[in-house]
2 protein chains.
Amino acid sequence: MFTDIVLDIFKLSGLLVAEGDVLTKDVGLSSARWKVLGALAHSDGSMTVPQIAYSMGQSRQSVQRLTDAMEGSGILVYQDNPHHKKAKLVALSEKGKEIFELLEQKQIPWANLAADGLNASDMEIALSVLRKMIQRFET
Amino acid sequence: MFTDIVLDIFKLSGLLVAEGDVLTKDVGLSSARWKVLGALAHSDGSMTVPQIAYSMGQSRQSVQRLTDAMEGSGILVYQDNPHHKKAKLVALSEKGKEIFELLEQKQIPWANLAADGLNASDMEIALSVLRKMIQRFET
DNA sequence: GTCATTATGACAACATATTGTCAATATGTA
DNA sequence: TACATATTGACAATATGTTGTCATAATGAC
């Protein structure tokens, strides 16, 4: 059963990336870049690249490339980090905040539609299982 | 909450790919290629490339490239499809079967360790939620 | 303070995945 | 059958992600 869950996570991940790409197309983003915005919004505003990568379960290099591109297009800004000379803090620009809020407005009805018919307590249980699995594989 | 589930699925997918890459390294495979073997094993032995792609929630072109590479390394074989002149049937070669069984032997203890401490009925509920989400996004 | 170890950004090579296009093959409908 | 439509493989461009290496900065042990 655990293996079935793993396979379904792979499959869902692919399907959800496709969904996210559609939702973000209008604003010139992608699922991958949206996830970076989400990670930053989930934190207290700014994180270093390695912190974002850890929170996303990805390599720091892949996130670095995304943030560099998004900084180049004015969605993110690099801020000096008082605690570290090399590791800049990544934060949303004004433009980034606007785009993120736009996406949230599109995402809410999408999530409601997608979650329709799913039992809330079942979803809570599913979430707790996913969280435990993440803990198990996080370094 | 639905959004949290989505973000955790993305994160877990990344972590699980890394796990799979470690497990498959010895036999010269990768998570991506292992998933193709798994899809074939789950079916009745042979499927066309588009069928595999659909079952994996991915584009047929990405799967085509994987199967071409795996056919080249002797893990898969293309068989004539009596129902279709262009769309060959993809099947595991003897070598592919051996490797897949090897991987299963490595995967079983891994899954048991990873699932340790997870409540079985919770896992069933989680699986049902994932299945419903897949149905929602499958074309 | 010194020195070994670790963390970080830059860069590159490669694997994986999506999208798009085109020609050949199927399929469904009149 | 004939024809419009859909499916499929081949090919290419691009985005995403991992791994590896190197130089610089930070950290911890002494």
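Letters A, B, ... mirror the listed sequences (proteins, then strands); counts begin at 1. The figures here come from the full heavy-atom set of this structure, side chains too, leaving out hydrogens, waters and symmetry mates.
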[X] and [Y]: which non-hydrogen atoms are nearest, and at how many Å?
X: A69(A); Y: R33(A); value: CB-NH2, 3.7 Å
X: L37(B); Y: I75(B); value: CD2-CG2, 3.8 Å
X: I52(A); Y: A39(A); value: CG2-CB, 4.2 Å

- Query: Residues two or more places apart in sequence or in another chain: which of them pass side chain to side chain donor-acceptor pair (under 3.5 Å) with T139(B)?
  - Reply: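 Side chain to side chain donor-acceptor pair (under 3.5 Å) list for T139(B), sorted by chain: empty.
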Quiz item: With under 30° as parallel and over 60° as perpendicular, where do the rings of F2(A) and F137(A) fit, or are they tilted in between?
Solution: tilted
Heavy atoms within less than 4.0 Å of DNA chain D: which residues of [range] have one? Give them sorted by number.
range: residues 57-93 of chain A; answer: Q58(A), S59(A), Q61(A), S62(A), R65(A), L66(A), H84(A), K85(A), K86(A)
range: residues 11-27 of chain B; answer: none
range: residues 31-52 of chain A; answer: A32(A), R33(A), K35(A)

If hydrophobic clusters are built from ILVMFWY residues whose side chains come within less than 4.5 Å, do I108(A) and L16(A) share one?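 Shared cluster, no.
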Same cluster for L15(A) and W110(A) if Ile/Leu/Val/Met/Phe/Trp/Tyr side chains link at under 4.5 Å?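 Per the 4.5 Å side-chain linkage, L15(A) and W110(A) are co-clustered.
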Practice problem: Determine yes or no for a side-chain-to-main-chain donor-acceptor pair under 3.5 angstrom, with K35(B) supplying the side chain and L7(A) the backbone. | Solution: no
Any donor-acceptor pair under 3.5 Å from S13(A) side chain to F10(A) backbone
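Such a contact is absent between S13(A) side chain and F10(A) backbone.
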Need two values: the first and the last nucleotide of DNA chain D, 5' to 3', having an atom under 4.0 Å from any heavy-atom of chain A.
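Both ends considered, the range comes out as dT16(D) to dA26(D).
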Open item on the list: Within the 3.5 Å criterion, strictly below it, is a donor on S30(B) or D21(B) matched to an acceptor on the partner's side chain?
Closed with: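 Per modelled atom types, S30(B) and D21(B) side chains form no pair under 3.5 Å.
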Rounding to 0.5 Å, atoms OG (S93(B)) and CD (E71(B)) come to a distance of 9.5 Å
Side-chain donor-acceptor contacts of residues 96-106 of chain A below 3.5 Å, not counting sequence neighbours, with atom names and distances?
| residue | atom | partner | partner atom | Å |
| --- | --- | --- | --- | --- |
| K106(A) | NZ | L23(A) | O | 3.0 |
| K106(A) | NZ | D26(A) | OD2 | 3.0 |

